[in-house]
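Just so it is clear: chains get the letters A, B, ... in the order the sequence lines come, proteins before strands, and each one is counted from 1.
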Amino acid sequence: MTMRLRFAPSPTGYLHIGGARTALHNWLLTRKNGGVFLLRIEDTDRKRSKPEFEEQILRDMTWLGLDWDEGPSKGGDYGPYRQTERQGRYTQYIERMLAEGTAYRCTCSKERLTAVREAAQAKGDKPKYDGHCRDLNLGPDCGEHVVRFKAPLTGQTVVADLVKGDVAFNNEELDDFIIQRSDGTPTYNFVVVVDDHEMGVTHVVRGDDHLNNTPKQQMLYEALGLPVPQFGHLPIILGNDGGKMSKRHGDTSVGAYRDKGFVPEALFNYLTRLGWACGDMEHFTADEAVAAFGLDGVAKAGAKWDMDKLSWLNQQWIMGLDTADLAQRCLPHYAEAGIEPDERLEAVVATVQARAKTLVDLVAASAFYFAADADLEWDDKAVKKFLKPATGPLLRELADALEGAPEWSESALEAVVKDFCTAREIGLGKVAQPIRVSMTGQKAGPGLYEMLVAAGKPMALRRMRGGADRCPPADG
RNA sequence: GACCCCUUCGUCUAGUCAGGUCAGGACACCGGGUUUUCAUCCCGGCAACACGGGUUCGAAUCCCGUAGGGGUCACCA
């Protein structure tokens, strides 16, 4: 039987990294086993759901490299894939349960329910419905009512979880929960069961926070006589203080990481590795992850978000990218920074490729190449330390020498600079940092010769001479 | 409060199911080397089995208990 897995986001906000990881695990498991990955949009919360959130979620998933086989914009034989478009198909299941006596109408007022709950809490018991209408056999004309599931009173419901193992719940802990509201709409725990069944879902892999819903859903499957899917509950992502990951721990949306210059391969890599391990695999591609993945390798405990490791992985990925590809990926970030790169882009990017943890860093590190000479940012300490009175003439003479270099290549420039130093019996240190400061305004930057070549002859000579002008006059 | 889940270096984890290597790797951190910058790269170091009982010749691993952390308790999904 073909494995069918699903990811069911609510379009009430952006794609959270926790949701992204859930989607990732589902995707990985599907691709590993040649199954079908479907997307279901749970948009029944009409007040908070917005089409633009749905678009954003789909866009972020695509960016991360997660594709789906069935769902919005894809279609499929089990649609529609938006819950608001599925309303109406739930009533037949409700009717059946009512007819078979596994559900009943309840006319208890909210006031009474609140009173019952408060009384239970006062006694220290778990708040639950007291079953007032359970055996009243109320008919359809009983007035305003909800429909409740007639849950088993005794015994246990054991969830055979793929991640946590068998988890047993005493049925007396659960109550006759509502499956249809007084306005006629079905509730989440009921809808999920019907949808997952109708969509042929064989494995429900979702966040830890749903584990307590699972016995309810399992009971519903059993009451309806439907096959129970396999369940797997993934631990959630925690902030560095051990609490639930939230904005105060850092960015929580996939989009924020894209905007900050993380490449999707790195986020994918990090998210997969967070709470999952396969031997010593640390830096891997999606294909490698698919080949190695299994729910048995998923940790049972929550994992803390570690920006340092994500950054390291991002740097590793950036270093490994083809330079032309990397240059393309930087374009939006240059635009964001108000920089218009020219034809030197690829050569420029090559000089800073190993010097950036994010694309935003990379753009910042290469900004000096594209800045107007007058707009260079000067580090006062660097200027004071390396552009001294005696440096000016040296810089000027070296610029003249470089101007006559046989060709504008790293090896040719290196030969000219070395000869220059040898002839004057000075160390390379006397000119290397002054050149760098003149070029960049800063004391750290790309390698000397690669930088001169990437900058191009006109800019290199101009800036060296400009640096010379910046040196204080020899007589003070 | 009740129920459920969880607990190996600061962090992510291997090892646990089939008890027996100085408890392994990675990030971070510290030190050294390469690069007359920075980054990369290389070498080295620091650092953990939550606690208490048991079972056993031997326990991170099996059993019991305790503590701590997290999650869930809606006519929300």
> For A/R248 and A/D241, what are the C-alpha separation, side-chain angles and deciding distance, and is it a salt bridge (Lys or Arg N to Asp or Glu O under 4.0 Å)?
Replying inline: CA-CA 10 Å; A/R248 97 194 130 81; A/D241 61 355; 3.1 Å; yes
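- Rounding to whole angstrom units, CG of residue A/D296 and P of B/rA14 are separated by 11 Å.
- Using a 4.0 Å heavy-atom criterion, one finds that A/V167 contacts the sugar-phosphate atoms exclusively.
- Among the atoms of the strands shown, base atoms are found under 4.0 Å from some heavy atom of A/S182.
- Looking only at atom types and distance, the side chain of A/T214 has a donor-acceptor partner in the side chain of A/H233 under 3.5 Å away.
- When A/D196, A/D195, A/D43 are each tested for a salt bridge (charged side-chain N to carboxylate O under 4.0 Å, His left out) with A/R86, only one passes: A/D195.
- No more than 12 heavy atoms of other residues, nucleotides or ligands shown are found within 6.0 angstrom of NZ on A/K260.
- For the pair A/Q156 and B/rC4, the criterion of a side-chain N or O lying under 4.0 Å from OP1 or OP2 is not met.
- Under the Watson-Crick or G-U wobble criterion, with both distances below 3.5 Å, B/rC27 is paired with B/rG10.
- Using a 4.0 Å cut-off between a side-chain N of Lys or Arg and a carboxylate O of Asp or Glu, A/K216 and A/D176 do not qualify as a salt bridge.
- Partner assigned to B/rC73 is B/rG1, using Watson-Crick or G-U wobble distances below 3.5 angstrom.
- Closest to the A/R273 side chain, of the nucleotides B/rC12, B/rC75, B/rA77, is B/rC12.
- A/E172 comes within 4.0 angstrom of no nucleic acid atom, judged by non-hydrogen atoms across all strands.
- As a whole-Å value, the separation of A/W305 CH2 from B/rA28 P is 16 Å.
- Taking every side-chain heavy atom of A/A277 into account, B/rA14 is the closest of B/rG71, B/rA77, B/rA14.
- If you check every strand for non-hydrogen atoms under 4.0 Å, A/A299 touches sugar and phosphate atoms only.
- In the model, A/Q433 has a side-chain atom that pairs as donor or acceptor with a side-chain atom of A/R436 under 3.5 Å.
- Between B/rA74 and A/K128, no contact under 4.0 Å exists linking OP1 or OP2 to a side-chain N or O.
- An OP1 or OP2 oxygen of B/rU37 is reached within less than 4.0 angstrom by no side-chain nitrogen or oxygen of A/K443.
- Distances were taken from every side-chain heavy atom of A/M319 (C-beta onward) to each of B/rU11, B/rU40, B/rG70; the shortest belongs to B/rU40.
- With hydrogens and angles left out, the side chain of A/T187 and the base of B/rC75 share no donor-acceptor pair within 3.5 Å.
- Atom CG in A/L211 sits roughly 11 Å away from atom C1' in B/rC6 (whole-Å rounding).
- A/F231 has its ring centre no less than 6.0 Å from the ring centre of A/H210.
- Contact check, A/Q315 against B/rU40: a side-chain N or O comes under 4.0 Å of OP1 or OP2.
- Of the two residues near RNA chain B, A/G279 and A/P446, the one whose nearest nucleotide lies more 5' is A/G279.
- Along RNA chain B, the nucleotide nearest to A/Y188 and the one nearest to A/Y449 differ in position, and the one closer to the 5' end is contacted by A/Y449.
- Nucleotide B/rU66 has B/rA50 as its partner under the Watson-Crick or G-U criteria, with both atom distances under 3.5 Å.
- B/rG58 is unpaired under the Watson-Crick or G-U wobble criterion, no partner having all donor-acceptor distances under 3.5 Å.
- Between the CZ atom of A/F284 and the C1' atom of B/rA26 there is a distance of 11 Å, given to the nearest Å.
- Distance from the side chain of A/D306 is smallest for B/rU11 among the nucleotides B/rC4, B/rC38, B/rU11.
- Of the candidate nucleotides B/rC3, B/rU37, B/rU7, B/rU7 has the atom nearest to the side chain of A/A301.
- Residue A/H233 is classed as having no contact, given no heavy-atom separation below 4.0 Å to the nucleic acid.
- The CH2-C1' distance, from A/W312 to B/rU11, rounds to 14 Å in whole Å.
- Residue A/N170 is out of contact with every strand shown, counting any heavy-atom pair closer than 4.0 Å.
- For B/rC41, the paired nucleotide is B/rG33, the pair qualifying as Watson-Crick or G-U wobble because both relevant distances are below 3.5 Å.
- The base of B/rA28 does not come close enough to the side chain of A/K309 for any donor and acceptor atom to sit less than 3.5 Å apart.
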